[in-house]
S.K.: 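Quick one: the structure is below, questions incoming.
Treat the numbers as computed from the prediction; the structure is a model and nothing was measured. As the structure lists them, so they are numbered: ligands from 1, and atoms in each ligand from 1.
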Amino acid sequence: MPESPIRKLVPYAEIAKKKGTKVYHLNIGQPDIKTPEVAMNSIKNLTFEVLEYSHSAGFESYRKKLAGYYQTHGLPINVEDIIITTGGSEALLFAMGSTMDTDDEIIIPEPFYANYNGFSTASGVKVVPVISTIEDGFALPPIADFEKLITPKTKAILICNPGNPTGYLYSKDEIYQLAELVKKHDLFLIADEVYREFIYDDAKHYSVMNLPGLEEHAIMIDSVSKRYSMCGARIGCIVSKNKEVMAAAMKFAQARLSPPTFAQIASEAALDTPQSYFDEVITEYKERRDTLIEELNKIDGVKVGHPNGAFYCIAKLPVKNADHFAKWLLESFDYKGETVMVAPAAGFYSTPGVGLDEVRIAYVVKKEDLIKAVHILKEALAVYAN
Ligand SMILES: Cc1ncc(COP(=O)(O)O)c(C=O)c1O
């Protein structure tokens with residue numbers, strides 16, 4: 001199993017904290033945003049006496065309400081198209097397991113969410129990367145690049161939209177091009193849409209679930225983790241109209257018995273979160289993004305993209321080895337008793353040697369802290385470069 005670039009430096013952060021250094025965590029997508037009150041209140045004062053398993057597909061009441069939520073967002077999803085999972089993570093495992101055999105291949109634009117490497121390793125599936133670059137703003141690579149990678153073993157293309165770690169939001173044209181490609185080669189298009197709500201600058205999100213003619217090919221991965229800042233709930237879902245895929249996914253679901261009961265109750269209640277909550281959260285993230293990009297651009301030699309969604313960006317740093325730099329930040333550096341933890345980006349690629357000078361930064365902390373953290377990064381780069 002590959003280690004997670006997001007978490008592998010945690011022991012160094014723990015040592016730094018024991019020494020009394022304050023660490024700004026820009027490495028992990030753990031928002032500081034409050035979970036909606038309706039969700040938290042729903043699990044207080046529960047009176048049942050036995051904490052039972054639920055249905056393997058999740059509570060029917062939750063799936064029904066979730067289908068209604070998707071429908072209000074323009075996605076024609078019904079209760080039978082949904083299986084509730086233990087986070088989007090388990091949904092990704094189910095998607096791979098249900099569509100691929102050992103040694104089959106999945107094409108993924110990189111850089112990609114690092115745990116796709118772990119999930120594919122666990123599923124015995126080979127990741128075939130297609131490279132998107134910071135110079136092109138991480139746009140979808142040309143379709144010809146995908147096409148030349150397709151072999152008889154290729155079963156699926158996996159995209160993350162909007163993207164972690166790039167913040168890239170696929171355009172309507174790009175989604176339609178991918179749809180044509182998967183139809184032409186009879187592949188699955190798995191779309192990880194866990195950041196769907198987090199779109200900025202009035203841009204529009206195009207889901208794989210409302211593309212005409214793609215019903216048999218499209219699989220959507222979703223989660224409550226980021227939408228409601230409920231990462232600890234461990235609730236997500238796999239969604240598809242393809243009955244065979246859902247029947248296979250159901251076997252995986254039965255094997256692990258059921259998703260967590262308390263967290264399903266909270267997730268069902270979270271669907272009543274008022275729109276005002278999202279309006280505030282999106283405004284907050286947009287301001288954080290603008291602050292982060294502005295501050296990073298002030299540092300000589302740093303190159304950063306312009307994320308349109310999610311809450312991450314990839315930054316190219318004037319260092320040879322961002323892995324070493326990130327470790328050094330925790331082990332050997334502090335600025336007035338404070339330092340920063342970032343995720344080295346090489347682990348977000350599967351091509352060896354790519355992204356060595358890049359880090360992923362999550363803008364999940366307050367603007368004031370982002371400004372301080374980027375300042376620390378600037379001071380650190382000045383010392384490190386020397
Ligand atoms: C792109 C993406 N997909 C899936 C996940 C998994 O989320 P969870 O298992 O918490 O639902 C994450 C978590 O950070 C993510 O960033």
Side-chain angles (χ1 to χ4, degrees), residues 2-8 10 25-33 35 39 58 62 66 82-97 106 108-120 122-123 127 132 138 156-170 189-199 205 207-208 219-239 249 252-253 256 259-260 263-264 266-267 270 285 307-314 342-343 345 347-350 360-365:
E3 56 194 355
S4 160
I6 304 160
R7 292 182 177 241
K8 71 176 183 181
V10 166
H25 281 273
L26 306 184
N27 59 307
I28 191 164
Q30 171 57 65
D32 62 354
I33 303 285
T35 305
Y62 177 34
L66 190 55
I82 304 172
I83 293 176
I84 305 301
T85 54
T86 307
S89 303
E90 192 181 58
L92 282 155
L93 276 168
F94 286 7
M96 289 189 187
I106 183 164
I108 317 182
E110 67 176 11
F112 51 72
Y113 174 49
N115 285 334
Y116 294 165
N117 275 328
F119 300 140
S120 45
S123 307
V127 171
S132 71
F138 297 110
I157 295 174
L158 167 59
I159 57 164
C160 183
N161 187 28
N164 172 8
T166 61
Y168 188 75
L169 178 70
Y170 289 104
L189 181 56
I190 305 173
D192 181 338
E193 300 185 2
V194 305
Y195 294 99
R196 186 181 331 100
E197 263 77 12
F198 305 98
I199 310 282
H205 180 258
S207 170
V208 290
I219 301 173
M220 181 179 87
I221 306 298
D222 207 359
S223 167
V224 303
S225 291
K226 318 291 162 153
R227 179 167 309 140
Y228 306 109
S229 196
M230 281 172 69
C231 294
R234 310 308 308 129
I235 292 289
C237 61
I238 175 171
V239 181
F252 283 90
R256 66 76 164 105
Q264 283 186 82
S267 301
Y285 277 125
N308 275 321
F311 35 69
Y312 308 95
C313 72
I314 289 279
V342 290
F348 293 81
Y349 292 83
S350 66
R360 184 195 75 167
I361 296 179
Y363 42 99
V364 287
V365 298

S.K.: Looking only at protein heavy atoms, identify the closest one to atom 5 (C) of ligand 1 and say how far it is in Å.
M.R.: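 Residue, atom and distance for the closest contact: Tyr113 CE2, 3.6 Å.
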S.K.: Counting non-hydrogen protein atoms only, what is the nearest one to atom 6 (C) of ligand 1? Give residue, atom name and distance.
M.R.: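 Answer for atom 6 (C) of ligand 1: Ser89 OG, 3.5 Å.
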S.K.: Rounded to the nearest 0.5 Å, what's the gap from OG on Ser350 to CD1 on Ile106? Could you check?
M.R.: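 It comes to 11.0 Å.
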S.K.: In this structure, does ligand 1 have an atom that sits under 4.0 Å from one of the heavy atoms of Arg234?
M.R.: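 In this structure, Arg234 qualifies as a contact of ligand 1 - some heavy atom is under 4.0 Å.
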S.K.: In terms of atom number and element, which parts of ligand 1 are under 4.0 angstrom from non-hydrogen atoms of Ser223?
M.R.: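 Contacts of ligand 1 toward Ser223, numbered from 1: 8 (P), 11 (O).
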S.K.: Using modelled atom types only, decide if a donor and an acceptor are shared between the side chain of Ser229 and the backbone of Ile33 within a distance under 3.5 Å.
M.R.: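 Yes: the side chain of Ser229 pairs with the backbone of Ile33.
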S.K.: Can you say whether the rings of Tyr195 and Phe311 are parallel (under 30°), tilted (30 to 60°) or perpendicular (over 60°)?
M.R.: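 Tyr195 and Phe311: perpendicular rings.
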S.K.: At under 4.0 Å between heavy atoms, is it the side chain or the backbone of Cys160 that contacts ligand 1, or both, or neither?
M.R.: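 Side chain only.
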S.K.: Do side-chain atoms of His205 reach the backbone of Asn161 as a donor and acceptor pair under 3.5 angstrom?
M.R.: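 Looks like yes, one N/O pair under 3.5 Å.
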S.K.: Among residues at least two apart in sequence or on other chains, which ones pass salt bridge (Lys or Arg N to Asp or Glu O under 4.0 Å) with Arg227?
M.R.: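 Testing Arg227 for salt bridge (Lys or Arg N to Asp or Glu O under 4.0 Å), a comparison that skips the adjacent residues, returns Glu197, Asp222.
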S.K.: Does Glu90 reach the main-chain N or O of Thr85 with its side chain, forming a donor-acceptor pair under 3.5 Å?
M.R.: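 Not a single qualifying donor-acceptor pair exists.
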S.K.: For ligand 1, which atoms have a heavy atom of Gly87 less than 4.0 angstrom away?
M.R.: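 Counting from 1, the qualifying ligand atoms are 9 (O), 11 (O).
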S.K.: Can you tell me how the ring of Tyr170 sits relative to the ring of Tyr168, calling it parallel under 30°, perpendicular over 60° and tilted otherwise?
M.R.: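 Perpendicular.
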S.K.: Near Lys226, which atoms of ligand 1 are under 4.0 Å from a heavy atom of that residue?
M.R.: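 Matching atoms, with element in brackets: 13 (C), 14 (O).
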S.K.: Pull out every atom of ligand 1 sitting under 4.0 Å from any heavy atom of Ser225, numbered as shown with elements.
M.R.: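 So the atoms of ligand 1 that pass are 8 (P), 10 (O), 11 (O).
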S.K.: For atom 1 (C) of ligand 1, which protein heavy atom lies nearest, and how many Å away is it?
M.R.: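 That would be Asp192 OD2, 3.3 Å.
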S.K.: Counting heavy atoms only, name the option from Gly88, Cys231, Cys237, Ala233 that's nearest to atom 8 (P) of ligand 1.
M.R.: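 The residue whose heavy atom sits nearest atom 8 (P) of ligand 1 is Gly88.
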S.K.: With nothing but distance in play, are any N or O atoms of Tyr116 less than 3.5 Å from an N or O of ligand 1?
M.R.: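 It does not: no N or O of Tyr116 is found under 3.5 Å from an N or O of ligand 1.
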S.K.: How many angstroms lie between CZ in Arg234 and CD in Gln264, if you round to the nearest 0.5 Å?
M.R.: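 Here the interatomic distance stands at 13.5 Å.
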